[in-house]
Amino acid sequence: MRFTLALATTATLVLSSVTLVPTGATARTRDPGPTATGFGGAVATVDATATAVGLDVLRRGGNAVDAAIAAAATLGVTEPFSAGIGGGGFFVHYDGRTGKVSTIDGRESGPATMTENTFIDPVDGRPYDFAEARVSGLSVGTPGTVATWEAAARQWGTRSLGSLLRPAADVADRGFLVDATFRQQVADNAAAFGQFDSTRELYLPGGAPPTVGSILRNPDLADTYRLIAKRGTGAFYRGPIAADIVETVQHPPVADDPTGTWAYPIRPGGLQLSDLAGYQVRHPEPTRSAYRGLTVYGMSTPSSGGTAVGEALNILERTDLSKEPITQALHRYVESTALSFADRNRYVGAYTPQPVLDRLISDDWASQRACRIDPARAMTKPVPPGDLTATGCTPATVGGPVEQGQSTTNLTVADRWGNIVEYTLTIEQTGGNAMVVPGRGFLLNNELTDFNFAPTQGTAPDPNLPGPNKRPRSSMSPTIVLDDDGKPFLALGTPGGATIITTVLQILVNRIDLGMTLPEAMAAPRASQRNTAGIQAEPAFHERYGPGLEALGHTFAPDVAELGAATAIEFTGHGGMIASAEPARRGGGTAAVVHPRY
Ligand code: GLU
């Protein structure tokens, strides 16, 4: 959580709009926190300033799309290692008037020069180490975030994109307080950031990560936002910003006297002006699956999120989890994701044909996969993917890779007209490819490392190999759930690399099946089984549920401190909303509603 510097001026107004409380209310309600209940619109993000900016837009009559764009632009300032205009994302929209769910695929795309061998070292024929590929020009896809904002603002917004960038530009100019999470993210990246003049000038002031409590300003980013506001997105895709992005990729701004030890050569990439000029968002139909009378809408390819969450839900729906003992319910939860990850790894990539996606998310397929789950015994992992041409429980070949990131960010916004935005945006790793575009104040993505560097599926085709103009497979899973009357029930999403899929699923199961309120479902300890030998879990999950699951034959990988950093809004009827962010993970998030009800 971070607060803008100028607490005595505009930011106070903005923040006070979050925290405005009736006379006599307790001090507790003055702190913007992770849960807010009320009506008139709501915002949940990982960051207090971004939430305040989004709420301010709603209070001034903007709609959910306007507020989401303004909040996302602010996250580009205060959460620059997770998201920003150097990256991409997926935007899911529910239209309060028509009831239609639509999506924007603003995923970064590979340059025209990309080939299946882009991440293979020509000298020894082996895939590059991840860090070598990440901190290079090779990993940079054409950013899609600015085009996403433009498309969303045009299609559904009520404000100009320029006006929505202004609050974020002001935050970048004024600066914000560095907190422990921010400092740690820089410290974790110190060696990579130390290789580039532009990055260390901004994020390693005086040669070290900024101290907690110091003010960080980013006037270059303020100017970049203002340039886009003034000249339109053409300045980014066809104008001076495009030229600077291409220059950075093709000639990384390596320092003469790098600080920190970096073991790899820093390779240039093949992104060209024509890649930026030709970039277009896509509008894929959302994935759709039924779950216990609810309808779950998610993101289709190039994200695997919608189909992977949908397949696991279909498998789980075959058992009434609410009637099962907790160990059995969790056993089924981890088994369902092992199966759905096996299928995702084998079949899902940017170009998976629609009939295959439809089959993976069908009840018929779920019955073919669910029959492999033994209530008394964990399956041996990795489980093979299912055979699309077979019926019954016929297995196919091999398992897939493990991916887990801690980067990326998610936000959820709803307005008084019933519109909802669920938006996950990213620059891939925390700190992206570590290169700040000189003079522009934003980091480039390393999204292309989401491709498999080399085939992972044995003799079977790998759906996620690199290719020209191809978008790498994502796990991002912005999700909107409607109730049995077709009215909004829940919107949620999270960062976390491939663990996004399991975290979204776990929050859904917690809320829908396991009797938790939304804030409880968000706070509950998490575990992720992605078809690997051991379950990855937070310590509290392992401690509480480990013995029961181990008795069924499950094993655990070493614990991870935290999984995800989710945001969500639940719709309680008659315009009521519960906005929910993380109480603790990643420093805690901030939820706010326009008219609080205490
Ligand atoms: N690049 C990842 C994806 O698209 C997201 C990274 C993260 O959440 O850490 O799935």
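Atoms within a ligand are numbered from 1 in the order they appear, just like the ligands themselves. Predicted, not measured: the structure shown is a model, and the values here were computed from it.
- The salt bridge (Lys or Arg N to Asp or Glu O under 4.0 Å) pairs that include a residue from residues 297-310 number zero, where partners must be two or more places apart or lie in different chains.
- Note: Phe193 and Tyr203 have tilted aromatic rings, judged against thresholds of 30 and 60 degrees for the angle between ring planes.
- For ligand 1, the polar-atom distance check against Ser474 finds a nitrogen or oxygen pair separated by under 3.5 Å.
- Put simply, the side chain of Arg282 never gets that close to the backbone of Gly106: no donor and acceptor are under 3.5 Å apart.
- Atoms of ligand 1 found under 4.0 Å from any heavy atom of Asp450, numbered from 1 in the order shown, are 1 (N), 2 (C), 3 (C), 4 (O), 10 (O).
- Shown here are the ring-ring contact (aromatic ring centres under 6.0 Å, His included) partners of Phe453, two or more places apart in sequence or in another chain: Phe119.
- Looking at ligand 1, you won't find any N or O of Pro495 less than 3.5 Å from one of its N or O atoms.
- Neither the backbone nor the side chain of Gln429 comes within 4.0 Å of ligand 1, counting heavy atoms alone.
- Using a non-hydrogen distance threshold of 4.0 Å, Arg107 registers as a contact of ligand 1.
- Near Ser475, meaning under 4.0 Å from one of its heavy atoms, ligand 1 places the atoms 3 (C), 4 (O), 10 (O).
- Exactly one of His283, Arg471, Gln280 qualifies for a side-chain hydrogen bond (donor to acceptor under 3.5 Å, both in side chains) with Asp105. That residue is Arg471.
- Within the 3.5 Å criterion, the main-chain N or O of Ala527 finds a donor-acceptor partner in the side chain of Gln506.
- Polar contact check, Ile500 against ligand 1: no nitrogen or oxygen pair lies under 3.5 Å apart.
- Counting the atoms of ligand 1 from 1 in the order shown, those under 4.0 Å from a heavy atom of Glu447 are 1 (N), 2 (C), 4 (O).
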